[in-house]
Amino acid sequence: MALRFFNSLTRSKELFQPLVPGQAGLYTCGPTVYNYAHIGNFRTFVFEDLLRRALTFRGYRVTQVMNFTDVDDKTIRGSQAAGESLEVFTARYKQAFFEDLDTLRVQRAEVYPAATEHVGEMVELIRRLRERGHTYEDAGSVYFRLSTFPGYGRLANLNPEQMRSSGRVDNDEYEKEDVRDFALWKAWIPEDGPVFWETELGKGRPGWHIECSAMSMKYLGEQFDIHTGGVDNRFPHHENEIAQSCCATGGPFAGTWLHSEFLLVEGKKMSKSLGNFYTLRDLLEKGLDPVAIRYTLLSVHYRAQLNFSFEGIEASAQAVRRLRDLNGRLGRSPAGPGSGDKVWQLTAACETDFTEALDDDLNLAGALGHLFTWVREVNALLDSGSPDAGELERLQAWLNRVDSLLDVLREEQDESAEGRVAELVAQRAAAKQSRDFPAADRLRLEIESLGWVVKDTPQGPVFHRR
RNA sequence: GGCGGCGUAGCCAAGUGGUAAGGCAGAGCUCUGCAAAAGCUCGACCACCAGUUCAAAUCUGGUCGCCGCCUCCA
């Protein structure tokens, strides 16, 4: 068995076969840095985090590239509204984005190229397209002539002939021969203010799609393994990327395309008018545990819509608690006489089932089902006190390996509170020792009022945040 | 008009031909000074209808409901 992915390009599950055995080149469409990213964005970024961790879990060496779109209509408008240069404006949101990634424990990609730093590469790519006859110019802008790429529409499963102009088209200030054509290079207009580049194509700025083609090729090669993004990028963004990339190189582009579904909030598509639009920061302000948010985002298959709800966060927090409790238990359990082959058997079965589910297009929800079955069985074994030192190690090792995917076990340290709580816990232990139970109970209440829980174990009291 | 997805217990969610994983919530029991944690026990005729089949949540057709895409929104 090995990793299989549902490839949007072929709409079927395919065995993952990288260009270079043992290595995986990954291009993940990144944020447009004009605002704090919202929870829907993070659904996709956490999915991509799972993807890279799953590849690593399965032994691949991953090279992930995630772009920053730091020049487009929204960033230009935003910077003007803020009275800042584009650079200053976008730098703030890039910084915030990294902070948010840390909050959600998303592993860093190898490269985060910014569009503004790759205009040269884009111009070069457009030049290649022009040489091959795929472009035309009008009023200083350069467009991709769609009719020169017969494969157009394959990814989105759209037939260009049947594509309907959906009213939204065409309040565009640029002139195109065909509404479906898209801009590779946009001539400067007064609204762009100081944002422009003087290039052999003239004074202007790159179109949106070209940046991903140029930067993916630069860092991953003209052909690479996996390209991902949210479903909304499937069309037109990714479709256009394919068109311009294939036409520029004359060869194939990304082999596998993965798209994560939308996240709904309380059953509705997020929108500011519905009042259900949340940035990660909004949710943290409401007191949500970032690890519970991460777990929630991980626990629904990436191709299914995820309904984000506050009730769901609570359920996730409890599930994480269960894993952490087992983790703590493994750490403090004394070695027993040995379980026969039970530990080995349970764990091997879990490894097989878990990995198989993960291999099947990242079915983490299914994998977690197997994991929790194992958790229950392990707890029962620990209740009986039988696992010996080697077995405890084996259990711990597997839990750690799973956590290399989930990354939920580690608890944030809070030293000041912890010192205080530790003191109360010690006092309570002393009270118990002298059988002063009313005092012990009072101390428990005090500890709980600070947001912590204390529990007595055969190895002494342990405590953790509520 | 074209293309596509979804509907499984109170909530979340696997399973895609052989008599329904798992998590959360709830109830009881064991354990516990009390708790907590843990373990055990308790819950579904898989939207509806009709077919195919020895056998369907899983395949086919239809109905109802919800959702997405068809130019710049992850």
Side-chain angles (χ1 to χ4, degrees), chain A residues 11 28-32 37-48 69 72-74 153 156-166 168-170 172 176 179-183 207-209 228-237 239-240 259-264 267-271 295-296 299-301 303-307 309 311-323 325-326 328-329 353 357 363-384 432 435 437-438 440-441 444-445 448 453-457 461-464:
Chain A
R11 282 173 293 285
T28 50
C29 274
T32 301
H38 58 68
I39 186 64
N41 296 318
F42 285 111
R43 201 260 164 118
T44 295
F45 299 133
V46 167
F47 148 65
E48 288 156 353
T69 298
D72 78 323
D73 291 351
K74 292 190 297 277
N157 197 22
L158 289 170
N159 179 347
E161 319 288 76
Q162 292 173 327
M163 277 166 59
R164 176 198 227 180
S165 337
S166 70
R168 305 197 253 165
V169 187
D170 243 347
D172 204 307
K176 298 185 269 193
V179 286
R180 302 169 320 204
D181 290 343
F182 56 93
W208 175 36
H209 315 294
T228 71
V231 272
D232 51 331
N233 275 338
R234 198 155 62 115
F235 190 90
H237 185 230
E239 196 68 60
N240 291 352
H259 293 99
S260 58
E261 251 301 343
F262 264 105
L263 171 146
L264 306 176
K268 297 255 164 55
K269 187 167 173 175
M270 253 195 312
S271 77
Y295 186 93
T296 298
S299 63
V300 178
H301 188 89
R303 281 190 292 113
Q305 290 187 348
L306 186 161
N307 185 15
S309 70
E311 195 184 348
I313 291 293
E314 187 49 41
S316 290
Q318 286 308 117
V320 168
R321 184 79 262 154
R322 185 163 163 78
L323 294 175
D325 280 341
L326 175 62
R329 238 190 134 176
D353 295 342
N363 181 6
L364 189 61
L368 287 173
H370 298 296
L371 208 226
F372 279 101
T373 298
W374 175 82
V375 168
R376 186 185 66 243
E377 292 166 335
V378 171
N379 270 315
L381 276 180
L382 293 175
D383 281 349
S384 76
K432 277 185 59 182
R435 303 195 67 77
F437 295 121
D441 289 344
R444 175 196 292 289
L445 283 175
E448 284 172 358
V453 176
V454 61
K455 54 189 167 195
D456 299 320
T457 76
V462 297
F463 58 98
H464 61 75

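A note on names: the letters A, B, ... follow the listed sequences, proteins ahead of strands, and every chain is numbered from 1.
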**Q** Taking CD from Glu239(A) and P from C72(B), how many angstroms apart are they, rounded to a whole number?
**A**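 Between P of C72(B) and CD of Glu239(A): 15 Å.
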**Q** Looking at C34(B), A74(B), C72(B), which one has an atom nearest to any side-chain atom of Asp456(A)?
**A**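 The listed nucleotide nearest to Asp456(A)'s side chain is C34(B).
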**Q** Arg329(A) has an atom CZ; how far is it from atom C1' of A38(B), in whole Å?
**A**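 Going from CZ in Arg329(A) over to C1' in A38(B) covers 5 Å.
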**Q** Taking any heavy-atom pair under 4.0 Å as a contact, classify Asn363(A): base, sugar-phosphate, or nothing.
**A**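 Sugar-phosphate contact only.
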**Q** Taking donor-acceptor contacts at under 3.5 Å, does the side chain of Asp441(A) reach the base of G33(B)?
**A**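 Under the 3.5 Å cut-off, the side chain and the base do form a donor-acceptor pair.
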**Q** Would you call Tyr295(A) and Ile313(A) a side-chain contact if the rule is heavy atoms closer than 4.5 Å?
**A**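 No, side chains not in contact.
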**Q** Is there a donor on the side chain of Arg444(A) or the base of A35(B) sitting less than 3.5 Å from an acceptor on the other?
**A**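 Under the 3.5 Å cut-off, the side chain and the base do form a donor-acceptor pair.
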**Q** Return the 5'-most residue of the pair Ser299(A), Arg321(A) with respect to RNA chain B, ranking by each residue's nearest nucleotide.
**A**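 It is Ser299(A), whose closest nucleotide lies nearer the 5' terminus.
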**Q** Consider the side chain of His38(A), meaning its heavy atoms from C-beta on, and name the nucleotide among A74(B), A38(B), G68(B) that approaches it most closely.
**A**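 Nearest listed nucleotide: A74(B).
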**Q** Which nucleotide in the list C69(B), G33(B), A36(B) gets nearest to the side chain of Val453(A)?
**A**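 Among C69(B), G33(B), A36(B), the one nearest the side chain of Val453(A) is A36(B).
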**Q** Just compare C73(B), G23(B), A38(B) and give me whichever is closest to any side-chain atom of Ala319(A).
**A**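 Comparing C73(B), G23(B), A38(B) against the side chain of Ala319(A), the answer is G23(B).
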**Q** Students often get this wrong, so: under 4.0 angstrom with heavy atoms, is Gly230(A) touching a base, only sugar-phosphate, or nothing?
**A**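 If one applies the 4.0 Å heavy-atom cut-off, Gly230(A) turns out to touch the sugar-phosphate alone, with no base involved.
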**Q** If you measure from the C1' atom in C6(B) to the same atom in C12(B), how many Å do you get, rounded?
**A**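 C6(B) and C12(B) have their C1' atoms separated by 15 Å.
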**Q** Between Lys455(A) and A38(B), does any side-chain N or O lie under 4.0 Å from OP1 or OP2?
**A**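 No, Lys455(A) has no side-chain N/O under 4.0 Å of OP1/OP2 on A38(B).
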**Q** What integer distance in Å separates Leu264(A):CG from A74(B):P?
**A**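 Spelled out: CG on Leu264(A) to P on A74(B) is 16 Å.
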**Q** Has Arg376(A) got a side-chain N or O lying under 4.0 Å from the OP1 or OP2 atom of G22(B)?
**A**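 For G22(B), OP1 or OP2 has a side-chain N or O of Arg376(A) closer than 4.0 Å.
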**Q** Given side chains that start at C-beta, do those of Arg43(A) and Gln305(A) come closer than 4.5 Å, heavy atoms only?
**A**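 In short, these two side chains do not touch, never coming nearer than 4.5 Å.
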**Q** Tell me what Arg322(A) touches on the nucleic acid: a base, only sugar-phosphate, or nothing, going by heavy atoms under 4.0 Å.
**A**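 The answer is sugar-phosphate, as Arg322(A) gets under 4.0 Å only of primed atoms, P, OP1 or OP2.
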**Q** Between A55(B) and C64(B), how far is it from one C1' atom to the other, in whole Å?
**A**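 Nearest-Å result for A55(B) against C64(B) at atom C1': 28 Å.
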**Q** Measure CG/Asp325(A) against P/C24(B) and give the value in whole Å, please.
**A**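 Whole-Å distance recorded here is 11 Å.
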**Q** How far does the P atom of A37(B) sit from the matching atom of A47(B), given to the nearest Å?
**A**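 The answer is 34 Å between these two P atoms.
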**Q** When we call it a touch if two heavy atoms are under 4.0 Å apart, what does Phe262(A) touch: a base, just sugar-phosphate, or nothing?
**A**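 Counting heavy atoms under 4.0 Å across all strands, the contact made by Phe262(A) includes a base.
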**Q** Using a 4.0 Å heavy-atom cut-off, does Leu263(A) contact any base of the nucleic acid, only the sugar-phosphate backbone, or nothing at all?
**A**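 Since a base atom lies under 4.0 Å of Leu263(A), the category is base.
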**Q** Side chain of Asn157(A) only, heavy atoms from C-beta on: which candidate in C12(B), G39(B), C3(B) is closest?
**A**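 For the Asn157(A) side chain, the nearest candidate turns out to be C3(B).
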**Q** So if I take every side-chain heavy atom of Lys74(A) and compare against C73(B), G33(B), G39(B), which nucleotide ends up nearest?
**A**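 For the Lys74(A) side chain, the nearest candidate turns out to be C73(B).
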**Q** Does the plane of the ring in Trp208(A) sit parallel, tilted or perpendicular to the ring in His237(A)? Use 30° and 60° as the thresholds.
**A**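 Ring orientation of Trp208(A) relative to His237(A): parallel.
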**Q** Hey, does Asn307(A) have a side-chain heavy atom less than 4.5 Å from the side chain of Val300(A)?
**A**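 No, too far: nothing below the 4.5 Å cut-off.
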**Q** If you compare every side-chain N and O of Asn379(A) against the phosphate oxygens of G39(B) (OP1, OP2), does one of them come in below 4.0 Å?
**A**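 Answer yes for this pair, as a side-chain N or O of Asn379(A) is under 4.0 Å from OP1 or OP2.
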**Q** Taking the minimum atom-to-atom distance to the side chain of Ala315(A), which one of G23(B), A74(B), A13(B) wins?
**A**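 When the side chain of Ala315(A) is considered, G23(B) is the closest of G23(B), A74(B), A13(B).
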**Q** Would you indicate whether the side-chain heavy atoms of Asn379(A) and Arg322(A) approach each other to under 4.5 Å?
**A**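 They are in side-chain contact.
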**Q** Rounding to an integer number of angstrom, what distance separates C24(B) and A13(B) when you compare their C1' atoms?
**A**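 Comparing C1' positions in C24(B) and A13(B) gives a spacing of 11 Å.
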**Q** What distance, rounded to whole Å, do you find between the two C1' atoms, one in C73(B) and one in A35(B)?
**A**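 Pairwise C1' distance, C73(B) against A35(B), rounds to 50 Å.
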**Q** What I'd like to find out is whether the side chain of Asn233(A) reaches to under 4.5 Å of the side chain of Thr44(A), using heavy atoms alone.
**A**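 SC-SC contact between Asn233(A) and Thr44(A) ruled out.
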**Q** Side chains of Thr28(A) and Phe47(A): closer than 4.5 Å at any heavy-atom pair?
**A**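 No, side chains not in contact.
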**Q** Rounded to whole Å, how long is the line connecting atom CD of Glu377(A) with atom C1' of A21(B)?
**A**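 These atoms are roughly 12 Å apart.
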**Q** RNA chain B: stems of at least 3 consecutive Watson-Crick or G-U pairs, cut-off 3.5 Å?
**A**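 Stems for RNA chain B, defined as runs of 3 or more consecutive pairs: B:1-7 with B:64-70, B:10-12 with B:22-24, B:26-30 with B:38-42, B:47-51 with B:59-63.
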**Q** Thr373(A) near the nucleic acid: base, sugar-phosphate alone, or nothing, with a heavy-atom cut-off under 4.0 Å?
**A**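 Answer is sugar-phosphate: Thr373(A) comes under 4.0 Å of backbone atoms only.
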**Q** By the salt bridge (Lys or Arg N to Asp or Glu O under 4.0 Å) test, which pairs, at least two apart or in different chains, include something from residues 311-321 of chain A?
**A**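 Listed by first then second residue: Glu314(A)-Arg466(A), Arg321(A)-Asp325(A), Arg321(A)-Glu411(A).
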**Q** Classify Val462(A) by what it touches in the nucleic acid, base, sugar-phosphate, or nothing, heavy-atom distance under 4.0 Å.
**A**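 The residue Val462(A) makes no contact with any strand.
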**Q** What's the closest nucleotide to the Asp232(A) side chain, out of A21(B), A14(B), C73(B)?
**A**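 My answer, after comparing the listed nucleotides, is C73(B).
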**Q** NA contact type, Arg234(A), heavy-atom cut-off 4.0 Å: base, sugar-phosphate, or nothing?
**A**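 The residue Arg234(A) makes no contact with any strand.
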**Q** Measure CD1/Ile313(A) against C1'/G23(B) and give the value in whole Å, please.
**A**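 Taking CD1 of Ile313(A) and C1' of G23(B), I get 14 Å after rounding.
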**Q** Should Glu261(A) and Leu306(A) be marked as a side-chain contact (heavy atoms from CB on, under 4.5 Å) after you check the CA-CA gap, both sets of side-chain angles, and the distance that decides it?
**A** CA-CA 8 Å; Glu261(A) 251 301 343; Leu306(A) 186 161; over 6 Å; no
**Q** When rounded to the nearest Å, what value does the distance between P atoms of U19(B) and A57(B) take?
**A**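 The same atom, P, in both gives a distance of 11 Å.
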**Q** Go through A38(B), A13(B), C70(B) for me and flag the one nearest to the Phe235(A) side chain.
**A**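 Closest nucleotide among those given: C70(B).
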**Q** Say you pick atom C1' in A9(B) and the same atom in C42(B); how far apart are they, in whole Å?
**A**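 Taking atom C1' in both A9(B) and C42(B), they lie 13 Å apart.
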**Q** With a 4.5 Å limit on heavy-atom distance, are the side chains of Arg444(A) and Asp456(A) in contact?
**A**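 SC-SC contact between Arg444(A) and Asp456(A) confirmed.
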**Q** Would you find a donor on one side and an acceptor on the other, under 3.5 Å apart, between the side chain of Glu239(A) and the backbone of Gly153(A)?
**A**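 It does hold such a pair.
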**Q** Looking only at atom P, what distance separates A21(B) and C45(B), rounded to whole Å?
**A**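 Between the two P atoms, the distance is 14 Å.
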**Q** Are G22(B) and Phe372(A) stacked, with the base six-membered ring and the side-chain ring centres under 5.5 Å apart and planes under 30°?
**A**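 Taking the rule of under 5.5 Å and under 30°, the ring of Phe372(A) does not stack on G22(B).
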**Q** Starting from the 5' end of RNA chain B, give me the residue, Arg435(A) or His301(A), whose nearest nucleotide shows up first.
**A**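 With Arg435(A) and His301(A) compared, the 5'-side residue is His301(A).
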**Q** Using a cut-off of less than 4.0 Å, is there contact between a side-chain N or O of Gln318(A) and OP1 or OP2 of A25(B)?
**A**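 So the side chain of Gln318(A) is within the cut-off, an N or O lying under 4.0 Å from OP1 or OP2 of A25(B).
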**Q** Give one of base, sugar-phosphate or nothing for Gly229(A), where a contact means two heavy atoms less than 4.0 Å apart.
**A**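 Answer is sugar-phosphate: Gly229(A) comes under 4.0 Å of backbone atoms only.
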